[in-house]
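Below: one structure, written as structure tokens.
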Amino acid sequence: MYLASVERPAAGRTDRTKRLAGTVLALGTVSLITDVSSEMVSAILPLYLVAGLGLGPAVYGLIDGLYTGATALLRLVGGYVADRARRRKAVAGIGYGLSAAMKFGLLAAGTSVPWLSAAIVADRAGKGLRTAPRDALITLSTPAADLGRAFGVHRAMDTAGAFAGPLVALAVLAASGQAYDAVFVVSGCVALIGVLVLVLFVSDHRGPRPPANPVSLTAAAALLRRRPVRMLLLGAALLGLSTIGDGFVYLLLQRRESLATGWFPLLAVGTSLTYLILAVPFGTLADRIGRAPVVLGGYAALLAVYLLLGSGWGGPVTVVLVLFLYGGYYAATDGVLMALAGPLLPAELRTTGLGLIQTGQAVAYLVSSVLFGLAWQRWDAAGAIHAFALLALLTLPLSAILLRRARG
Amino acid sequence: MADRRRLLLAVLSSLVLLGGAAAYVVAAGRRGDAPAAAASAVDAGPGDRVLFRSTAAAGYGTVGTVARGSEAGVRKLSGLDCDRVYAAAGRGICLRPDGPLATYQLAVLDSSLRVKDTYPLVGVPNRARVSPSGNVVAWTVFVTGDSYNGGRFSTRAGMINLATGETVDSLELLSISLDGRPYRAADANFWGVTFVDDQHFYATMSTGGKRYLVAGDVAARSVRTLAANVECPSLSPDRTRLAVKEAIGGDPAKGWRLTVLDLASMRRTALAETRSVDDQAAWYDASTVMYAIRRGARGSDVWAVPADGGGAPRLLIPDAESPAALWN
């Protein structure tokens, strides 16, 4: 892969590193491989639990619910431990390794619901542990001016893996005569290759050892006393509060357009494809015009999605437009927010800080999805989306002020 | 470590891992082939047979029949693979994968298990039923994209009247009355339909964390709740009782007790089966209920138990699930 081809030469920037740090490419590769592995399992897990194991709705709901909310706090813990031990790669490695092992764990769990649940929780815990150290490694190995593009490349590679996963699962099912266990074994082996790439090709960022370890709980708590960090955390949480989640967006789109249910899975594909295509250009754009405007632009795209969903317009053009804007929202916010946060955080507490911001967003999102569910029950779908469009309209300028203060 | 040696190590280890994975896939594929059972013509028309889905190693997943009275004896297997199957009055329904991944279809079968028509389904097949006349087929699938509650699953049940072409894409579209009052909720989920006739049915509705038995009327496009905490009804051949599963202590996490509900008195009788039954039961005859009990990841057996609460469960068809008595 020649990343020079995605580089946008800009006047006055010729002195900057033209190549992305090897660490970023290596981490992108790890994410790509890991996402192939995890999406393989996600694609067949409902099928395995219900058709394969014959679990009824309630038990399936119980297990499925474990997917959400199991990781938010672990991100903070993982981040702090990684900073404290100055071992971000090791913590990320444990996270990747745990998820890889749990692919085999699902196999070993057989039909035992408690063991299946345990394996799924451990898998999610692995994801929670690895996210902040991985993002910290990206920020620490990239010059501050190129962070947007670095995250863009990483997220694009990540999404490419997520695309390939279900296709690989499909191939394995076809080749093995619908054997779910074969999917778990292949997924586990693929995940191990990801861990291997991490171990062999990702270099940890150590920097000179300070005389005394500056990382303590007090220092971590003191992050919140830094005005830029506080402002960014508040801004990110506020923005998170106005998001409603993929399921709702697709459901609203499907209901309004009365799409045949067969099209439902394609909605997510449309979004991911846009994300994949736009992640690098938006990251690069963020490096040039500023990250806060791009993040806010992303949330403006989300607001436009709400307005379109709440409007009376219909037809295929609206569907395509909504998916394009929604994918653009992801491309402009997911990685770019981390690129925005990185330079605001002291290097030695980078992981903790990124974990903090991710947790803040995740908690805000949990709250907003509950609120949206309640709004839906109270006012029906149209009322709920109007309420959230209004909410986004209020939070967007507030967040803009907060993000500006974070910079200044 | 030098870069080249590192790369070599990565490539070699990856090859070993991928080789191991490929070997497992091939072995898994063989495992399925080896005990291939000869497919034969299977009569799914009305008669003294039980239709089922085989979970034996030979012919795993295929639809077959056994003779009434010697259910554990010789089985006839077709070449048709289904996840769920049911038949009545010479009309069958088969829920099966449509292509290898995440899409499914409902296949309408004739009395020789030939596919007459297919309809796409989104979601994992869970329940299948045919009305006594053979005219209306109903299905339930799990849908994961349909999240009103933060990414959790929901179910969607629908029905098609093959005689009139009338469809109910999702029972959620019917008007609901809960305890006699009109009710609207985004989280109403339906599953486990059983037919009275082509217009009337019973099913399960869940909303607000509770599960209800509902009676539905297709012509009136309405459902009304009859009782709480009973799921997956199956109407007896004489139409006086429903075999249901009742969550123990009202909590499905504790398992389900197979129960018969008398429609005239609404009295519930717990059956002699004490294992948790997570299946939509079917009636073997007017006094016996049959149901699948899971055994491992792929295995399943069909058991039978008296419908009056007495007696004891007995193994009816080993290595089978999705039973349908074709004489009912």
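Residue numbers begin at 1 in each chain, while the letters A, B, ... track the order of the sequences.
Looking at A:Leu196, only its side chain comes within 4.5 Å of chain B, counting heavy atoms on both sides. Proximity to chain B (any heavy atom under 4.5 Å) is shown, for A:Val186, by both the backbone and the side chain. Heavy atoms closer than 4.5 Å to chain A are found in both the backbone and the side chain of B:Leu7.
Among A:Val199, A:Asp181, A:Ile244, A:Leu192, the residue making the largest number of heavy-atom pairs under 4.5 Å with chain B is A:Asp181.
Scanning both residues, B:Ala10 and A:Phe201, for their nearest heavy atoms gives CB-CE1, 3.6 Å.
Atom CD1 of A:Ile33 is separated from atom OG of B:Ser14 by 7.0 Å, given to the nearest 0.5 angstrom.
Under a cut-off of 6.0 angstrom, the local environment of CZ in B:Arg275 is crowded, with over 12 non-hydrogen atoms contributed by other residues, nucleotides or ligands.
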